[in-house]
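Note: hydrogens, waters and symmetry copies are ignored here, and every other heavy atom, side chains too, is used.
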Amino acid sequence: MTKDTHYTGWGRALRAKGPVARPEKLRHLAELPPTPAFGMRRSYGDAPLNSGGAMVDMSGFDRFLAFDPETGCLTVEAGARIGDVATAFVPQGWIPAVMPGTGFATVGGCIAQDVHGKNHHHVGSFGAHVTEIVLLQNGVELTATPGTALFQATVGGLGQTGVILRATLRLKRCDGNLMLVTERRARNWEEHLAFLDASEASYTVGWIDATATGPAMGRGIVEEGEIGKGLVKERKRTAKVPLDAPHFALSSPVVRAFNQAYYHRVPAHGRTIARPMADFFFPLDKIHDWNRLYGRRGFHQFQCVVPLSSARALRAMMERISTSGLASPLAVLKRMGAGRAGYLSFPMEGYTLAIDFPNRSAARDLIRTLEIETAEAGGRLYFAKDALAEGARIRTMYPELNLWQEEVARADPTGAYQTDLVRRLNLRSA
């Protein structure tokens with residue numbers, strides 16, 4: 001079934017209109033002309049948009065196809081959601097090796113963006129745990145395996161080598177769905193980085209108060225998580241944002257007050273608590289349509305990673321953000337390892353900073369400045385979050401872009417799989 005549709009990415013700042021096909025069977029999909037695909041559209045910007053052109057909604061292809069309990073290898077269709085994989089297999093003693101910040105992300109989307117999680121410093125990116133990808137490329141099924149150019153162009157490759165049909169994931173063993181989480185206050189930027197650098201926990205993430213200035217600049221809460229033994233009942237209570245919030249809902253005074261309270265929810269001496277797994281990995285999923293809190297104009301997220309040697313430059317960027325009065329409460333700081341699986345994979349060893357901003361002209365100007373500073377620091381931007389960057393700058397951030405272009409040119413010589421992001425950044429041109 002195909003119909004003309006208005007749709008957005010998760011940030012809702014950029015929009016598209018065009019025919020969207022929702023095939024129910026694989027043979028129906030194969031009958032379509034080459035067309036870019038999306039899943040749950042959890043990328044924030046225009047990665048899942050194709051203004052004026054057709055798209056394929058793959059979210060209905062969500063079956064688990066095969067599982068080997070000896071090796072933990074699971075074959076799933078591309079529309080399967082990562083949270084559903086965890087829910088189904090954690091009771092059997094297995095968990096996805098890498099999980100992004102939302103359980104609604106599809107396996108196909110996780111591959112196309114080579115997502116990372118709170119354990120990247122130990123296990124690398126999502127694609128490092130994929131053993132096989134099956135693509136529909138111009139009506140023909142092809143298999144990509146690790147070590148091949150097609151695999152490296154597909155993982156993190158924004159869907160430009162064809163429609164991802166299914167994949168085999170190598171899950172890792174776990175003892176239950178209970179998380180033991182140690183929370184500590186970081187009083188300032190230096191202490192925040194020191195906690196991240198010293199952490200040996202399996203999962204580590206920092207919430208950062210993007211409104212704190214002066215001696216408190218960079219303060220936040222560092223969470224270190226370990227999977228405990230035993231199964232607990234996941235809480236099913238969810239809230240829903242029923243309508244777009246008014247513009248003042250995330251005004252600077254409101255955000256500062258919220259951040260102040262959130263910071264002080266953790267005792268000064270820290271604490272260790274038990275939490276259901278979903279609350280730790282997917283904290284916002286229990287608030288359905290939380291993106292509506294930013295109002296009908298939507299929001300932008302800025303996410304960069306810079307090398308360890310550029311920590312001072314990242315500090316200057318954080319100072320710029322904290323004095324702007326534009327940031328929202330959603331801000332994350334993490335230490336990343338070197339693991340990446342594709343030519344256009346985002347991770348590098350260093351620090352990644354992610355902050356949401358309501359979609360206002362001043363915020364867009366700030367983000368563009370931060371993008372320039374990221375490039376000067378030797379860092380890169382994350383395609384899953386970007387909506388504003390310019391192509392010339394991206395070329396300096398992704399040195400393997402030419403290898404990706406070569407493989408994409410073979411896979412899609414007519415440019416049928418291009419999306420708004422690919423065109424905006426002119427990624428396919430040499």
Side-chain angles (χ1 to χ4, degrees), residues 1-24 28-62 78-79 81 102 104-106 108-109 112-113 136 138-139 157-164 240-245 247 288-301 356-361 363-364 367 382-391 394 408 412 414-429:
M1 178 180 177
T2 302
K3 65 177 182 178
D4 235 25
T5 304
H6 292 269
Y7 60 99
T8 72
W10 188 246
R12 302 176 71 216
L14 302 180
R15 300 171 183 270
K17 179 185 178 183
V20 175
R22 295 178 174 86
E24 297 179 355
H28 298 150
L29 177 63
E31 291 168 358
L32 295 173
T35 307
F38 62 62
M40 296 296 291
R41 287 180 282 120
R42 289 290 166 141
S43 290
Y44 286 39
D46 50 357
L49 309 185
N50 187 22
S51 302
M55 290 291 280
V56 176
D57 182 345
M58 293 292 291
S59 60
F61 293 91
D62 59 357
R81 288 176 278 211
T102 173
F104 291 110
T106 63
Q113 296 285 2
L136 183 66
N138 300 308
L158 306 169
Q160 297 304 289
T161 58
V163 176
I164 300 171
K240 181 178 177 64
V241 180
L243 45 80
D244 294 336
H247 71 278
H288 286 219
D289 298 330
W290 63 260
N291 54 351
R292 301 188 74 177
L293 292 170
Y294 291 92
R296 62 184 179 85
R297 290 183 295 181
F299 70 101
H300 293 287
Q301 184 177 105
D356 289 353
F357 299 94
N359 181 22
R360 302 170 188 161
S361 60
R364 293 192 294 271
I367 290 172
Y382 191 17
F383 292 126
K385 309 297 177 64
D386 172 60
L388 299 170
E390 298 175 359
I394 290 294
V408 168
D412 180 30
T414 65
Y417 296 116
Q418 290 193 67
T419 60
D420 286 0
L421 179 143
V422 173
R423 284 187 291 269
R424 170 171 58 85
L425 297 176
N426 201 23
L427 289 179
R428 295 189 51 170
S429 296

Are the side chains of [Y] and [X] in contact, using a 4.5 Å heavy-atom criterion?
| X | Y | value |
| --- | --- | --- |
| Leu158 | Thr419 | no |
| Ser43 | Phe383 | no |
| Met58 | Val163 | yes |
| Leu427 | Gln160 | no |
| Val20 | Arg22 | yes |
| Thr102 | Met40 | no |
| Ile394 | Asn426 | no |

So does Asp46 get a backbone contact from the side chain of Asp420, meaning a donor-acceptor N/O pair under 3.5 Å? no
Can you name the closest pair of heavy atoms from [X] and [Y] and give their distance?
| X | Y | answer |
| --- | --- | --- |
| Asn138 | Pro34 | OD1-CG, 3.4 Å |
| Pro23 | Leu32 | CG-CD1, 4.4 Å |
| Gly9 | Pro48 | CA-CG, 4.2 Å |
| Pro19 | Gly53 | CD-O, 3.6 Å |
| Tyr417 | Pro36 | O-CB, 3.5 Å |

Let me confirm one number: the [atom1]-[atom2] distance from [X] to [Y], rounded to the nearest 0.5 Å.
| X | Y | atom1 | atom2 | answer |
| --- | --- | --- | --- | --- |
| Arg42 | Gln113 | CZ | CD | 14.0 Å |
| Arg15 | Thr8 | CZ | OG1 | 5.5 Å |
| Ile164 | Leu136 | CD1 | CG | 11.5 Å |
| Asp57 | Arg41 | CG | CZ | 7.0 Å |
| Gln301 | Asp386 | CD | CG | 11.0 Å |
| Thr5 | Met55 | OG1 | CE | 11.0 Å |

Q. Is the closest side-chain donor-acceptor distance between Arg423 and Asn50 under 3.5 Å?
A.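 Distance-only check passes for Arg423 and Asn50.
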- [ ] Report the residue from Tyr294, Trp290, Phe299, Phe104 that forms a ring-ring contact (aromatic ring centres under 6.0 Å, His included) with Trp10.
- [x]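 Result for ring-ring contact (aromatic ring centres under 6.0 Å, His included) with Trp10: Trp290.
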Open item on the list: Given Asn359, which partner from the list Arg297, Arg364, Arg296 fulfils the side-chain hydrogen bond (donor to acceptor under 3.5 Å, both in side chains) test?
Closed with: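 So the option named by the test is Arg364.
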(message) Does atom NE2 (His247) have a neighbourhood of more than 12 heavy atoms from anything else shown, all under 6.0 Å?
(response) no
inquiry  = Are more than 12 heavy atoms, taken from residues, nucleotides or ligands other than Glu390, located less than 6.0 Å from that residue's CD atom?
reply    = no
Test Lys240 against Asp289 for salt bridge (Lys or Arg N to Asp or Glu O under 4.0 Å), laying out the working first. CA-CA 6 Å; Lys240 181 178 177 64; Asp289 298 330; 2.6 Å; yes
